[in-house]
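One structure is given here, and the rest of the page talks about it.
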Amino acid sequence: MSAISVRLPDGKSLEMAKGSTPLDVAARIGPGLAAAALAGRIDGRLVDLRAPLPGHCALEIVTARDPQGGEVLRHSAEHVMADAVKRLFPDAQIDVGRSDHSEKFQYDFLVDEPFSPEDLGRIEKEMEKIAGEKLPFRREVVSREDAIALFRRLGEDLKVSRIADIPDDQDITLFRHGDFVDLCRGPHVQRSDQIGAVKLLEVSGTYWKGDESGPKLQRIYGTAFASKKELKAHLAAVEEARKRDHRRVGSELGLFALDALSPGSPFYLPKGTVVYNELVSFIRDLYPKYGYHEVITPQLFRSELFKVSGHYEKFHDDMFWFEGADEGEELGIKAMNCPGHCHLFAMAKKSYRELPLRLAEFSRLHRNERSGTLTGLSRVRSLAQDDAHIFCEPDHVAQEIQLFFEMVAEVYRVLGLEGVEMAVSTRPEAFLGDPEDWDVAERTLIDAVETAGFRCGVKQGEAAFYAPKVEADFRDVLGRSWTLATIQIDMALPQRFGLRYVGRDGELHQPAMLHRAVLGSLERFMAIYIEHTGGDFPFWLAPVQVAILPIAERHVPHASGVRERLLAAGVRADLDDRSETLGFKIREAETQKVPLMLVIGDQEQESGTVTPRLRHSKGSKARGGAMEVGALVAQLAGAIAARRADALAGPD
Ligand SMILES: [Zn+2]
Ligand SMILES: [Zn+2]
């Protein structure tokens, strides 16, 4: 009998009989692993424990501890949910389920009456019961005819139609647990009790195969984990993400609004405008130190510019175009600053003495995205980047990249962004230019990132077709990863625009060009930062920095005086002189996430002082002692000038 060789993650190989399954391999390794196994994995693809191995292979056994273990659990929970529905609603027809890499699974049903929330509760209970029955999942390969006959006999007409969609050359597999049978390729857990905890989340109406003329189905969403503890942690994280959703926080704090009349184009409200402008000022203030020159280039360009840059062809559908007043004039609204900056470079003769030339711009850009794909500030039509293009001598590229990452480090430190990971994206399968140039450019980027003191990962094949890039990925408080800063070597635009400078040798040379952004798009950055901070901005960035809360009417004159002194020192201070209770005013300032409150009563009025109350302090710390107004103003102005996260520095 021929044997197959199965390589294990520790490098050892096992000789197994032909036709062995991943479960046989797990059993050979040990009974503990066999009991805990949920699936196998070959070449990154999950395989069912009971499906015969394809031949010689490298196999991993997936348990609940594996990041992909949850996928197997949730997929198996789909079957258990369908079983529970059939037990409670025998006339229901099952369609298909789906689970992706998220923590959700779903299944569609054809029923007479939509499911109610109470129904969901009953289905969930029934699922727990099925899990408790410890039913083994069994795999069967059947002929197409037998599968059709089986589901026809069961009255599952939707399933019968689904069988027709399976390609002829594909095996038809059934999975059974208890009396329930479904058409599926797997993989599934061994027994229903391996699904430790389930929660049904919601139900909504949908159409069969998305066809509005077809039957209307009920789609139930749920989630499942190996243990109650993991489920609880997940539900808490989902709730936290919901609370921090930037659209929700943006509306609660009055930062921005969106309207169908201009899809994906935020209306920044006064408070959101403060945050936006403060972010721009922060970056702008760093420009002299890092040698940037800010420019403002046109919003509209004749299409010739984009023909030269190549965007007319490659990016045409993503831009807005229209006719100008002149005969045959076609104009495009800029979607990026690079073509304008290249043209600006070319408008006057350049010498090596003017290089590196670092041109920065915060102009608004417009991209013609379909309204259905837009979300909050994360995906928009109207945006601005903290954009810049660096033109330098080719052998200065590494040093420019290094300087850029020093700037990135400074920006992230002030914004309190930790957990940043750098990665170089290398050339994709289809790319422009010479592979050797790419190799050199990729190596240059990696070296520069490492010299700037960061560890550098590699994102294989993820670069744009025209140039490699480095991305700084930031992990937020919810553990999600976002790309913020990027720098990219451009090997095409200097060529297309025929850019030249007079070199040290008196000859004309082509400069190197870098595209870079620290925050990326301000819109997307605000979305990420609002969710990361929950709207609890550092003191220097908070739209309202100080809430002045007089206890009674008679305290208003002193309170107004304090406000004037704060405003004069550049502190954003609001006075709440409504005749509400102090408790009410404090709660409201807390909800609005104002970092510092000044309560003004008789004592403060008489002594001409203020008593600061920090939003984040509790109990006795909430009220520090009374302070001279002048001393407080000086402290706050200092915190703003230094862009400090906390209003009041020093020991308390
Ligand atoms: Zn399945
Ligand atoms: Zn650019």
Side-chain angles (χ1 to χ4, degrees), residues 38-39 46-51 71-83 94-100 105-108 135-141 147 159 162 166 171-177 180-190 192 194-195 222 224 292 295 297 305-306 309-311 314-315 318-319 334-345 357-363 365 367 383-391 400 404 463-464 466-470 485-494 496-497 499 512-521:
L38 297 176
L46 289 175
V47 292
D48 196 86
L49 287 172
R50 288 133 299 206
E71 278 179 43
V72 185
L73 285 176
R74 287 184 272 281
H75 173 70
S76 307
E78 283 170 37
H79 289 247
V80 170
M81 177 162 81
D83 182 12
I94 56 174
D95 183 30
V96 287
R98 201 170 76 91
S99 46
D100 49 24
F105 66 84
Q106 66 188 53
Y107 208 113
D108 296 350
L135 300 172
F137 276 75
R138 298 189 309 277
R139 178 177 184 273
E140 260 173 57
V141 181
K159 273 291 170 202
R162 290 283 181 183
I166 301 176
D171 276 349
I172 294 193
T173 50
L174 303 178
F175 271 89
R176 295 177 185 272
H177 68 265
F180 182 80
V181 57
D182 204 347
L183 182 70
C184 191
R185 292 166 65 190
H188 304 93
V189 297
Q190 301 183 59
S192 57
Q194 285 178 307
I195 307 165
Y292 286 84
V295 294
T297 62
L305 179 85
F306 301 109
S309 71
H311 290 101
K314 292 263 186 237
F315 210 67
D318 301 300
M319 289 177 62
K334 71 173 165 188
M336 66 295 292
N337 292 308
C338 350
H341 289 182
C342 285
H343 189 71
L344 184 62
F345 183 95
L357 182 63
R358 307 180 187 93
L359 298 177
E361 180 154 2
F362 296 103
S363 290
L365 307 170
R367 295 186 179 169
L383 65 141
Q385 294 176 319
D386 63 330
D387 201 8
H389 296 97
I390 301 168
F391 302 91
E400 283 303 314
F404 170 68
Y466 55 90
K469 65 178 169 187
V470 188
T486 56
I487 188 162
Q488 192 159 11
I489 301 177
D490 194 321
M491 307 192 289
L493 284 186
R496 298 188 76 111
F497 278 88
L499 303 186
M513 177 183 181
L514 299 166
H515 306 246
R516 112 288 171 274
V518 182
L519 302 177
S521 116

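In listed order, ligands and their atoms are each counted from 1. Quick caveat, the model's predicted, so the values are computed rather than measured.
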| task | Confirm or rule out an N/O/S atom of H515, from backbone or side chain, lying less than 2.8 Å from the Zn ion (ligand 2). | result | yes
| request: Please note down the angle at the Zn ion (ligand 1) between NE2 of H188 and NE2 of H79, to the nearest 10°. | output: 90°
| Is R98 paired with D108 through a side-chain N to carboxylate O contact shorter than 4.0 Å? | no
| remark: Exactly one of K469, H389, Q488 clears side-chain hydrogen bond (donor to acceptor under 3.5 Å, both in side chains) with H515, and that residue is H389
| What's the SG-the Zn ion (ligand 2)-NE2 angle here (C338, H389), rounded to 10 degrees? | 100°
| task | Quickly, which of H188, R176, H177 forms a side-chain hydrogen bond (donor to acceptor under 3.5 Å, both in side chains) with H79? Name it, please. | result | H188
| S76 side chain vs V189 backbone, donor-acceptor pair below 3.5 Å | yes
